[in-house]
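Quantities reported herein were computed from a predicted structural model and do not represent experimental measurements. Protein chains get the first letters and strands the later ones, always in sequence-line order, with residue 1 at the start of each.
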Amino acid sequence: MRMSQLFGQTLREAPSEAEIASHQLLLRAGFIRQLAAGIFSYLPLARRSLNKIENILREEMDRIGGQEMTMPVVHPAELWQETGRWYRIDAEMGRFKDRNNRDMVLAMTHEEVVADLVRREVRSYRQLPRLIYHIQTKFRDDPRPRAGLIRVREFTMKDSYSLDADWDGLDQQYRQHYQAYYNIFQRCGLPVIAVKSDVGMMGGQMAHEFMYLTPAGEDTLLICENCGYAANRQIARFQKPAAKDEPALPLEKVATPGAKTIEELANFLNIPREKTAKAVFVMATFPTNTTPGKPSTAPKLERFVFAIIRGDMDVNDTKLANALGATALRPATEEEIRAIGAVPGYASPIGLMGINQNTASTRPFVVVVDDLIPSSPNLVAGANLEGYHLRNVNFGRDYTAEITADIAAAGEGDACPNCAASMRTVRGVEVGNIFKLGTNFSDALGCTYTDPDGQEKPVIMGSYGIGSGRLLACVAEQHHDEYGLKWPITIAPYQVHLVALLGRSSSDTDILANQLYSDLVDAGIEVLFDDREESPGVKFNDADLIGIPLRLTVSERALKQGGVEVKRRDQAERQIILLTETITFVKTEIAKMEAEINSLVKTIPYPD
RNA sequence: CGGGGUGUAGCGCAGUCCGGUAGCGCACCGCGUUUGGGACGCGGGGGUCGGCGGUUCGAGUCCGCCCGCCCCGACCA
């Protein structure tokens with residue numbers, strides 16, 4: 001490609017809206033342009049890199065038996081109504097009506113379409129297992145796109161779907177993806193770690209996220225450097241400090257004027273925070289019963305939740321929602337809190353409406369306690385009376401709960417659940433995920449097959465995603481310096497950046513550079529040829545900015561020294577090679593760089 | 001959705017407080033010089049100052065409403 005013909009140009013200064021390196025550099029180097037919040041055009045340079053990423057995705061998917069296909073971006077609403085997500089998902093789903101006034105959906109993901117295909121195509125266990133995948137555009141109207149290509153609204157994703165007759169088959173395909181994903185990221189030059197993650201609204205049995213660790217990330221992870229435990233904060237476990245065992249003392253009301261927070265309470269009574277019980281109030285939304293084919297129009301089912309955790313800890317919303325089986329949580333309003341007879345700031349599980357009957361079903365609320373509470377005696381809790389607390393509150397004796405579960409948020413310094421070493425928090429970007437869906441979608445959409453015994457059984461599914469644009473941005477984030485991008489050879493838009501410096505008597509170098517360009521192209525090498533009439537400074541700076549791995553310079557000076565100058569973008573050294581040996585040298589150098597990356601691809605043990 | 005910021009030429013910005021003919025750098029076009037790390041000279045083009053409404057003889061500037069974009073939080077199959 002001649003740079004004089006390239007669509008798109010470099011920018012000397014980055015638009016002020018870009019803050020992180022990958023966003024600034026991809027804009028400046030002419031890879032991407034923003035059309036609206038979280039919606040981008042990918043210019044030719046980016047398109048070439050994305051093609052390479054997508055081909056790596058294809059190779060690794062094909063290697064584990066994947067079959068590529070394409071599924072639509074526009075779906076009829078009926079399909080999403082069948083699984084209930086039409087109702088459960090709010091404004092994040094792009095919806096419109098077609099000319100016949102039918103409700104339509106912009107694909108956020110493709111489980112519905114896969115399941116619909118499966119129920120039409122799959123009849124017999126003989127048709128299983130299968131692995132299908134596609135690389136397709138999706139749209140999620142995210143409330144807050146950010147960080148350039150890291151979090152966007154319109155994006156392209158490789159998503160694969162495994163179809164199995166039994167759980168062992170699912171497990172096998174899941175493990176194969178686990179390794180294939182490591183291969184993919186390593187081949188793209190991106191270091192990642194796999195962490196267990198929340199299964200969220202997808203239900204299912206198990207999920208891993210592949211995280212690229214960077215301060216620009218938006219997810220928080222807890223990692224143990226001692227034993228390797230790593231988990232998304234949403235589900236991270238930790239060893240809770242055991243409370244001192246002591247005999248239960250009698251309840252005692254104590255005046256605590258103005259002490260509405262745990263901090264104030266602990267200071268006022270001069271006790272450590274772990275001797276207090278913190279009350280947290282949320283409204284939880286529960287799924288309404290949706291019968292397949294019969295869209296539910298029932299209003300959302302909401303219940304008040306009274307969660308209790310020790311004062312030295314915080315509630316983890318995801319853990320709490322999972323313990324409840326709720327689909328969403330929101331903070332309760334002060335009116336809602338008072339409506340169940342609790343006093344904000346002095347709330348207590350003791351003496352609430354209905355609590356003494358201990359008939360959970362008649363209570364207008366659910367009580368959840370963290371699993372550390374039953375073994376933490378003599379805590380200070382609210383008295384449900386403005387200005388008063390209760391000393392020596394004991395779970396079991398003074399109150400009970402419907403649910404006892406781990407609902408505590410892990411944080412920096414908490415003890416590793418496996419080895420008790422102090423854990424660290426790091427930020428990361430989720431670049432891929434793998435998900436054991438199980439039979440959720442099969443059940444909702446009626447995907448069944450007949451097994452060898454003639455029994456009808458649900459197809460067992462898994463889904464596995466990698467966003468190609470996000471991956472591109474993360475590689476840019478990982479591989480750059482103050483001058484620009486530094487693409488790994490495997491996904492660089494071109495392999496060689498040929499710079500022609502025309503000099504005073506331009507004809508010689510001009511002819512030589514053009515000849516070299518066509519020789520390289522004829523040799524099958526991907527070349528970006530800077531044939532523009534620009535000064536050397538401009539050309540070198542643009543080459544550094546665009547970040548193609550190998551730079552060749554044809555100039556009077558280099559010719560006088562005997563040939564062409566070669567420089568790797570990721571190294572400072574330059575050398576002169578004979579013009580006649582350029583093609584061979586370049587091929588060798590490319591092979592060397594490819595080998596460097598491919599040597600990183602190795603088998604990762606699957607953690608059981 | 002809450003909090004903060006911002007919107008003036010393709011990009012970066014000044015001008016807004018204190019109303020009076022819209023500027024600078026880069027980029028772009030033409031001519032000439034220059035050619036190993038973002039050259040120089042001369043000449044040139046490009047603006048509904050985010051939008052609508054109001055105040056005023058007069059609004060980029062003051063007032064009101066709305067919109068876009070960015071950051072933090074909430075959210076995130």
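Within 4.0 Å (heavy atoms only), Asp141(A) reaches no atom of the nucleic acid at all. Contact annotation for Pro15(A): backbone-only contact, meaning every heavy-atom pair under 4.0 Å involves sugar-phosphate atoms and none involves a base. Within 4.0 Å of Ala107(A), counting heavy atoms only, lies no atom of the nucleic acid at all. Across all strands shown, Arg551(A) has heavy atoms under 4.0 Å from base atoms, whether or not it also approaches the sugar-phosphate. Looking at heavy-atom distances under 4.0 Å, Glu19(A) makes contact with sugar-phosphate atoms alone, never a base. Among the atoms of the strands shown, none is found under 4.0 Å from any heavy atom of Glu218(A). Met157(A) comes within contact range of at least one nucleobase, with a heavy-atom separation under 4.0 Å. Ala558(A) comes within 4.0 angstrom of a nucleotide base, judged by non-hydrogen atoms across all strands.
A tilted orientation is assigned to the rings of Tyr174(A) and Tyr464(A), their planes being inclined by 30° to 60°. Between His75(A) and Trp80(A), the angle of the ring planes stays under 30°, which puts this pair in the parallel group of the 30/60° scheme. The aromatic rings of Phe185(A) and Phe210(A) are tilted relative to each other, their planes meeting at an angle between 30° and 60°. Using cut-offs of 30° and 60° on the angle between ring planes, the pair Tyr182(A) and Tyr178(A) is perpendicular.
The side chain of Pro536(A) sits closest to G36(B) out of G36(B), A27(B), A74(B). Of all nucleotides listed (G73(B), G38(B), G36(B)), G38(B) comes nearest to the side chain of Val538(A). Of the candidate nucleotides C69(B), C75(B), G25(B), G25(B) has the atom lying nearest to any side-chain atom of Glu13(A). Side-chain proximity of Gln9(A) to the nucleotides A39(B), A27(B), C71(B) is greatest for A27(B). Closest to the side chain of Glu92(A), from the set G12(B), C70(B), C76(B), is C76(B). Nearest to the side-chain atoms of Arg151(A) among the listed nucleotides C11(B), C76(B), U35(B) stands C76(B). For Glu17(A), counting side-chain heavy atoms from C-beta on, the closest listed nucleotide (G36(B), C70(B), A74(B)) is C70(B).
Taking atom P in both C57(B) and C26(B), one finds a spacing of 42 Å when rounded to whole Å. Annotation: G19(B) and C13(B) have their P atoms spaced 27 Å apart (nearest Å). When the C1' atom is used for both C66(B) and G7(B), the distance is 14 Å, rounded to whole Å. The C1' atoms of C11(B) and U56(B) are separated by 36 Å, rounded to the nearest whole Å. Rounded to a whole angstrom, the distance from the C1' atom of A22(B) to that of G30(B) is 26 Å. When the P atom is used for both G68(B) and C31(B), the distance is 45 Å, rounded to whole Å. For the C1' atom pair drawn from C65(B) and G46(B), the interatomic distance equals 32 Å after rounding to whole Å. Rounded to the nearest Å, the gap between the C1' atom of G10(B) and that of C52(B) is 27 Å.
Map Ser535(A) and Phe40(A) each onto its nearest nucleotide of RNA chain B; the residue landing nearer the 5' end is Ser535(A). Along RNA chain B, the nucleotide closest to Glu533(A) and the one closest to Phe540(A) are compared, and the more 5′ of them pairs with Glu533(A).
For the pair Leu11(A) CG and C28(B) P, the computed distance is 11 Å after rounding to whole Å. Spacing between atom CG of Asn541(A) and atom C1' of C26(B) amounts to 14 Å, rounded to whole angstrom units. Leu27(A) places its CG atom 16 Å from the C1' atom of A27(B), with the value rounded to the nearest Å. Atoms CG (Leu43(A)) and P (G10(B)) sit 17 Å apart, rounded to a whole Å. When the P atom of A74(B) is taken as reference, atom CG of Asp90(A) falls 18 Å away, rounded to whole Å. Following rounding to the nearest Å, Asp481(A) (CG) and G37(B) (P) show an atom-to-atom distance of 18 Å. To the nearest angstrom, P of U35(B) lies 16 Å from CG of Leu559(A). Remark: P of C75(B) and CZ of Arg233(A) are 12 Å apart, rounded to the nearest angstrom.
In summary, the side chains of Arg427(A) and Thr220(A) do present a donor paired with an acceptor at a separation below 3.5 Å, with no hydrogens or angles considered. Side-chain N/O atoms of Thr509(A) and Glu556(A) include no donor and acceptor closer than 3.5 Å. If you check the side chains of His208(A) and Asn433(A), you find no donor sitting under 3.5 Å from an acceptor.
Pairing for C57(B) goes to G20(B), judged as Watson-Crick or G-U wobble with the two contacts each under 3.5 Å. Base pairing analysis places C52(B) opposite G64(B); the two distances defining the Watson-Crick or G-U wobble pair are each below 3.5 Å. For G37(B), there is no paired base (Watson-Crick or G-U wobble, both distances below 3.5 Å). If you check G45(B) for Watson-Crick or wobble pairing at under 3.5 angstrom, you find it has no partner at all. Shown here, C1(B) forms a base pair with G73(B); the pair counts as Watson-Crick or G-U wobble because both key distances fall under 3.5 Å. Pair assignment for G10(B): C26(B), on the basis of Watson-Crick or G-U wobble contacts that are both within less than 3.5 Å.
A donor N or O paired with an acceptor N or O is found under 3.5 Å between the base of G38(B) and the side-chain atoms of Arg28(A). On a pure distance criterion of 3.5 Å, a polar donor-acceptor pair joins the side chain of Arg574(A) and the base of G37(B). With hydrogens and angles ignored, no donor-acceptor pair under 3.5 angstrom links the side chain of Glu534(A) to the base of G38(B).
Tested against Arg85(A) for a salt bridge (charged side-chain N to carboxylate O under 4.0 Å, His left out), the candidates Glu78(A), Glu112(A), Glu92(A) yield a single pass: Glu112(A).
OP1 or OP2 of A27(B) sits under 4.0 Å from a side-chain N or O of Arg12(A). Residue Ser16(A) places at least one side-chain N or O under 4.0 Å from the OP1 or OP2 atom of C13(B).
The number of heavy-atom neighbours closer than 6.0 Å to CD of Glu533(A), taken from other residues, nucleotides and ligands shown, is 12 or below.
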